[in-house]
K.L.:
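Dropping a structure here in structure tokens format, bear with me for questions.
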Amino acid sequence: MAWPRFDVVSDDTPAAGGGLLTRRAFLKGAAALGAGAAISAEAADAHLTGALPSQKAPGRAFSGYGQPSSFEKDVQRAILEPYGAAAPGNGQSFTPLHLLRGIITPSGLHFERHHHGVADIDPKQHRLFVHGLVKHPLKFTVDRLLRYPMVTRTLFLECARNSSRNALPEPAQATCGELHGLVSCSEWTGVPLGTLLEEAGIDAKAKWVVAQGADAASLTRSIPIDPAMDDAIVALWQNGERLRPEQGYPMRLVLPGLESCIGVKWLHRVKVTDAPAYSREEVAEGADLLPEGKSQLFHFAMGVKSVITQPSPGWSLQGRGFYEIAGLAWSGSDRIAKVEISADGGKTWAPAELQEPVLSKSFTRFRLAWNWNGTPAVLMSRATDQRGQTQPARSAWLQQYGAGQRRHYNAVQAWQVESDGTLRNVHL
Ligand SMILES: Nc1nc2c(c(=O)[nH]1)N[C@H]1C(S)=C(S)[C@@H](COP(=O)(O)O)O[C@H]1N2
Ligand SMILES: [Mo]
């Protein structure tokens, strides 16, 4: 992907080393670009009424459900099925973060993690059971749930194994989406799980809920009672429409700020218990490896994280000059407080602009103007949330864990810009 270049603004103000500019300089730059965007007489002629091919005949007819432009057909999730026919439907597909802007992930590009394929469920046949340590076990149809009071929140979902290839000794060469795209952000609408648990009347001994999916994996995950009661959502709607099958139609759990691995899709059972289930997924896949050979189960909170999505590997800069750096930041604990950007491999940092709205446990879009001088540079972003948590350097992240840890990778990403304008993943 080529990235158009603009001429440098003459009176730019450096915000940090490596050509990072202040917001003021950027605004002046934008004005200068506007003034500089003169078009030739021939180009202007093409804009005379009726002169364009698309102005000469009626356009395509109406459609019941719109699709992206045919010219955008390369904007796709990257699919990884590591076990092939040995474990059909087990794998993931990655959101192409480097091809998207804004904070909402289009539903058709939300990342996928399935253990045994996408269940195809008739909502009329589907039931949700709430049982276990409760006074009144309950059964809900989809129609009945749709009558409950709902909440809507814009929340990211991130797999605990997102970005895990960066934990490997050698930097993997892949796009930003292939490296970091097991995270997406949607507007979710549904019924607070707490409402259903309260209606069922939970026992004083209740400490966990064990959620299970109606898919071929019967995916089973244990969730502490506090987040289950406080802010878990039985989501039925995603970005204004009913959930996509890939996201768990007709209903899934959404747990704000916690790893999406416990957000059970195709949700059909919530059992209140006094102990975790120790299911295969939470024991075999869900353990953090600590130094000194120990491992920790049930660590669900997602850290603070950011990544520069534009430019990133796959993009190529078209020579020295003005570019806008853009990226995404998120934290499982709170709102993003600041994002700093470095263009000189971490020697100096400048604050990026945060695009409103800055929401808790959601994507936040950041941007900063950059005047690239055409020589090798290293771009990095470092996010801090309102709790004061800052993204660790890669070396500090590695020290927190034992060898082989692949979960909860949230270290600062470095993109090496080569003098030919291409970018690659580097470990710093
Ligand atoms: N029933 C069921 N729920 C599931 C899974 C699954 O395979 N089956 N995968 C889990 C994992 S590991 C993740 S990261 C998220 C992914 O959600 P998504 O596919 O909507 O992005 O779903 C979780 N819920
Ligand atoms: Mo996951």
Side-chain angles (χ1 to χ4, degrees), residues 77-83 87-97 104-121 126 128-129 155-165 177 180-188 190 193 209-223 232-239 241-271 277 279-288 298-302 330 332 363 406-410:
R77 296 186 281 224
I79 299 168
L80 183 67
E81 290 170 295
Y83 314 108
N90 191 341
Q92 52 263 90
S93 72
F94 296 74
T95 295
L97 298 172
I104 297 294
T105 309
S107 299
L109 296 173
H110 194 287
F111 86 87
E112 301 168 90
R113 169 74 179 107
H114 315 308
H115 288 72
H116 216 334
V118 178
D120 183 22
I121 293 179
H126 189 75
L128 170 64
F129 297 91
L155 298 162
F156 75 82
L157 294 188
E158 184 176 22
C159 177
R161 289 187 177 254
N162 193 25
S163 318
S164 59
R165 279 201 282 172
H180 300 291
L182 294 183
V183 65
S184 304
C185 185
S186 302
E187 188 200 74
W188 302 101
L193 178 61
V209 304
V210 176
Q212 190 177 70
D215 55 335
S218 298
L219 190 102
T220 304
R221 296 296 309 246
S222 311
I223 298 150
I233 302 169
V234 178
L236 296 136
W237 305 80
Q238 175 185 7
N239 297 330
E241 62 182 359
R242 295 291 291 280
L243 297 188
R244 291 292 171 98
E246 298 91 322
Q247 266 66 63
Y249 183 85
M251 62 183 74
R252 74 159 320 144
L253 276 181
V254 169
L255 292 142
L258 305 185
E259 63 181 48
S260 59
C261 313
I262 59 173
V264 172
K265 302 187 282 186
W266 311 291
L267 180 70
H268 88 120
R269 212 144 79 78
V270 174
K271 185 178 183 185
S279 70
R280 196 204 77 84
E281 289 78 19
E282 58 202 23
V283 176
E285 288 182 24
D288 286 330
F298 309 120
H299 169 226
F300 302 129
M302 297 308 287
W330 63 97
F363 275 176
R406 297 285 178 271
R407 290 163 37 86
H408 293 284
Y409 187 93
N410 70 328

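Being a predicted model, the structure only gives us computed values, none of them experimental. One-based numbering, in listed order, for ligands and for the atoms of each.
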K.L.:
Does the Arg77 side chain pair with the main chain of His110, one donor and one acceptor, at a distance under 3.5 Å?
P.N.:
yes
K.L.:
Taking atom CG of Leu128 and atom CG of Leu267, what is their separation to the nearest 0.5 Å?
P.N.:
5.0 Å
K.L.:
Just by distance, no angles: are the side chains of Asn162 and Arg406 close enough, under 3.5 Å, to form a donor-acceptor pair?
P.N.:
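No.
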K.L.:
Just so I know, are the side chains of Arg221 and Cys261 near enough to count as touching, which here means a heavy-atom distance under 4.5 Å?
P.N.:
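Sidechains of Cys261 and Arg221: in contact.
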K.L.:
Hey, which residues fall under 4.0 Å of ligand 1 on heavy atoms?
P.N.:
His110, Phe111, Glu112, Arg113, His114, His115, Cys159, Gly213, Asp215, Leu219, Glu246, Gln247, Arg252, Ser260, Cys261, Gly263, Val264, Lys265, Trp266
K.L.:
Spell out, as yes or no, whether a donor-acceptor pair under 3.5 Å connects the side chain of Thr105 to the backbone of Ser186.
P.N.:
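No, the answer is negative, given that no donor and acceptor are paired below the 3.5 Å cut-off.
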K.L.:
Applying salt bridge (Lys or Arg N to Asp or Glu O under 4.0 Å), can you list everything that pairs with Arg407, at least two apart in sequence or on another chain?
P.N.:
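Arg407 satisfies salt bridge (Lys or Arg N to Asp or Glu O under 4.0 Å) with Glu259, Asp288 only.
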